[in-house]
Amino acid sequence: MSQSTATLMTAGDAGDPAITPSKQARDVMTVADFSGIRPARVVVEAGCGILVYPPEAAGQPWRAVFTENGRRRFRQARTEAELAAKLAKVTERLRAGAPDMERPGADLIAHYLDPDRLPVSRRWSRRHADTQRRLCRRFAAPVIAAVTCQDITPGHMQQIVNAAPTASEGDRLHRCLSAMVTAGIKGGYLANPRLREVHWQAAGRPVPEPAASTSGESALWVDPAEIPASADVARLGQALALGRRGELDELMAHVAAYAGLRQGELFALTAGQIATGTRVITVDRKLVEVAGHLYVEAPKCRKFRATIYPVTTPAGYPLAGKLAARIEQARAEQDAGRNPLGLIFPSPRFGHWRSSNFDRRVLAPAYQAAGWRDEHGTGAWTWHSLRHVFCTTALFGWKLDATDVSRMAGHANYRITLDMYVGTTAGILDRARHATQ
């Protein structure tokens with residue numbers, strides 16, 4: 001801030017209402033005070049619109065004037081070095097155009113969680129919003145809520161991520177913080193993108209072995225061992241048939257495996273969504289549970305789709321006939337007032353299932369009976385594995401094109417379908433063997 005490297009100018013006293021900071025910044029001149037009494041005063045332009053007034057006499061302070069967020073503000077110090085230290089943060093804010101960096105971290109968190117921050121078409125789903133609120137409340141707020149945004153350091157962010165109990169939770173928390181930093185920079189709360197460059201550190205806690213993968217395959221690749229065979233699906237259906245609601249739960253498993261509906265889509269499925277003549281299911285809703293409350297909303301990615309189901313499954317289950325009979329039954333229940341929504345797979349009280357209740361009461365005993373789980377609850381297959389059954393059956397059993405399967409399954413694009421189930425290394429050895437004959 002020394003006068004040798006700054007632009008020197010003279011003007012009226014900064015307190016003189018006749019001379020504004022903008023006029024001082026653009027006029028370079030030497031004048032006497034307008035009253036004709038006081039001598040001219042040296043003004044140093046320090047950049048970013050900051051004007052520095054050295055002391056006119058011994059013992060007087062160094063002063064600086066700047067405009068931030070539409071307000072004229074001041075700083076002063078006894079020495080030039082002390083004033084320079086005070087202006088360092090001011091310069092950072094002005095250069096970044098971040099007027100909210102003086103606000104507390106709690107305001108940054110509130111800005112990140114504010115749904116109005118995003119356009120309506122890009123707002124978070126209820127479940128994602130609930131997850132972000134939980135992560136912020138449990139991990140971020142205790143560390144940075146009372147810290148001024150400009151004083152938040154990578155060390156604070158590292159402390160937040162390290163508070164996660166596991167590596168997977170740490171990865172999720174890192175993604176949350178990365179998005180928060182991006183939102184904070186755009187919103188004027190932060191200026192340092194390095195705040196997102198943190199990762200979970202074990203610090204003596206158990207760390208899972210890095211997962212092995214096949215060279216050349218996409219990270220989305222689903223190993224065939226993760227996909228139940230048709231006989232395995234049939235065993236799960238038979239185990240479900242022995243439960244409290246018998247054939248209804250068995251039917252649900254086969255619809256999941258051979259129509260590709262997700263669990264929340266099955267819980268929200270109504271008789272009106274199924275056209276038995278064409279064997280088409282219109283998927284236009286799903287059920288989600290957020291903070292103990294159930295909501296019916298658009299499917300994943302807010303994309304409607306239509307899918308089809310076979311007359312008979314590969315293991316011989318008469319899916320079309322069973323589903324048609326269940327539709328008639330659901331309509332009769334609806335007419336009688338017992339099943340007002342006409343749900344195909346209602347809870348025992350004819351309302352929506354909660355996934356936690358369904359998993360505990362229905363699936364857990366069926367998994368063990370079908371051999372999908374051992375006595376410790378360990379196993380490779382889950383209810384979501386039935387989605388993999390649908391996609392591989394459609395691709396390799398029904399010989400459908402990947403673009404068709406992608407649309408029926410509700411994938412974002414057909415490339416995802418190929419990466420998950422066909423892979424990028426299929427046929428490599430056959431092509432190499434043919435080339436080397």
Side-chain angles (χ1 to χ4, degrees), residues 21-22 46-51 64-77 82-164 169-201 290-291:
S22 60
C48 298
I50 301 174
L51 302 179
V65 181
F66 57 95
T67 301
E68 184 176 22
N69 208 18
R71 295 168 49 226
R72 194 180 187 197
R73 305 184 65 181
F74 304 86
R75 292 288 187 276
Q76 70 176 30
E82 289 178 359
L83 183 62
K86 289 185 176 182
L87 291 179
K89 289 186 176 182
V90 174
T91 303
E92 181 187 20
R93 294 197 304 271
L94 294 177
R95 184 174 292 122
D100 292 321
M101 291 178 68
E102 291 184 294
R103 300 174 72 172
D107 289 355
L108 167 64
I109 294 173
H111 171 71
Y112 173 64
L113 298 176
D114 184 3
D116 289 335
R117 178 176 62 84
L118 298 171
V120 174
S121 60
R122 294 177 50 205
R123 288 185 180 179
W124 297 338
S125 67
R126 286 189 178 92
R127 180 167 291 175
H128 183 71
D130 181 68
T131 298
Q132 299 307 295
R133 284 193 295 269
R134 177 183 63 81
L135 293 175
C136 289
R137 182 174 59 252
R138 181 180 176 186
F139 299 107
V143 178
I144 64 171
V147 180
T148 301
C149 289
Q150 194 166 10
D151 294 332
I152 296 175
T153 66
H156 289 111
M157 295 304 198
Q158 188 66 64
Q159 181 182 349
I160 294 171
V161 174
N162 283 351
E169 188 76 348
D171 288 341
R172 179 183 295 181
L173 190 52
H174 168 259
R175 293 193 295 271
C176 169
L177 292 181
S178 180
M180 184 188 299
V181 170
T182 299
I185 292 174
K186 290 181 179 179
Y189 292 82
L190 300 172
N192 185 5
R194 289 184 58 249
L195 294 174
R196 65 169 70 95
E197 302 301 325
V198 294
H199 63 274
W200 186 80
Q201 297 170 342
V290 177

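Here the structure is a predicted model, which means the values were calculated and not measured.
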Exercise. Among Ile160, Leu135, Thr131, which residue meets the side-chain contact (heavy atoms from CB on, under 4.5 Å) test with Cys176?
Worked result: Leu135
Problem set entry | From Gln132 atom CD to Arg172 atom CZ, the distance as rounded to the nearest 0.5 Å | 9.0 Å
For this session: Calculate, to the nearest 0.5 Å, the distance between atoms CZ and CE belonging to Arg93 and Met101 respectively.
Result: 7.5 Å
Exercise. Who pairs with Arg138 by salt bridge (charged side-chain N to carboxylate O under 4.0 Å, His left out), at least two apart in sequence or on another chain?
Worked result: none
For this session: Nearest 0.5 Å please: distance from the SG atom of Cys136 over to the CG atom of Leu177.
Result: 7.5 Å
Problem set entry | Nearest heavy atoms of Trp200 and Val161, plus distance in Å | CD1-O, 3.2 Å
Exercise. If you measure from CZ on Arg123 to NE2 on His128, what distance do you get to the nearest 0.5 Å?
Worked result: 14.0 Å
For this session: Provide the full list of ring-ring contact (aromatic ring centres under 6.0 Å, His included) pairs with a residue in residues 132-157, sequence neighbours left out, each pair given once.
Result: none
For this session: Before giving the answer on salt bridge (Lys or Arg N to Asp or Glu O under 4.0 Å), spell out for Glu102 and Arg71 the whole-Å C-alpha distance, their side-chain angles and the decisive distance to 0.1 Å.
Result: CA-CA 14 Å; Glu102 291 184 294; Arg71 295 168 49 226; 6.0 Å; no
Exercise. Got a sec, which residues hit salt bridge (charged side-chain N to carboxylate O under 4.0 Å, His left out) with Lys89, two or more places apart in sequence or on another chain?
Worked result: Asp151
Please report, to 0.1 Å, the donor-acceptor pairs under 3.5 Å made by any side chain of residues 180-193, with sequence neighbours excluded.
{"from": "Thr182", "atom 1": "OG1", "to": "Ser178", "atom 2": "O", "distance (Å)": "3.1"}
{"from": "Thr182", "atom 1": "OG1", "to": "Arg196", "atom 2": "NH2", "distance (Å)": "3.0"}
{"from": "Tyr189", "atom 1": "OH", "to": "Arg103", "atom 2": "NH1", "distance (Å)": "3.4"}
{"from": "Asn192", "atom 1": "OD1", "to": "Arg194", "atom 2": "N", "distance (Å)": "2.9"}

Exercise. Ring pair (Phe, Tyr, Trp, His ring centres under 6.0 Å) with His199: which residues, sequence neighbours excluded?
Worked result: none
For this session: Taking all heavy atoms of Cys48 and all of Leu94, pick out the closest pair and write down the distance.
Result: O-CD1, 3.4 Å
Problem set entry | Verdict with supporting geometry, Trp124 and Arg133, side-chain contact (heavy atoms from CB on, under 4.5 Å) | CA-CA 12 Å; Trp124 297 338; Arg133 284 193 295 269; over 6 Å; no
Exercise. Quick one: does Thr153's side chain have a donor or acceptor within less than 3.5 Å of a partner on Gly155's backbone?
Worked result: yes
Exercise. What residues, two or more places apart in sequence or in another chain, satisfy side-chain contact (heavy atoms from CB on, under 4.5 Å) together with Asp114?
Worked result: Asp116
Exercise. Do side-chain atoms of Arg75 reach the backbone of Ala64 as a donor and acceptor pair under 3.5 angstrom?
Worked result: no
Seminar exercise, completed: To the nearest 0.5 Å, atom CG of Asp100 lies from atom OG1 of Thr148 at 12.5 Å
For this session: Look up atom CE in Met157 and atom CD in Glu197, then write down how far apart they are to the nearest 0.5 Å.
Result: 11.5 Å
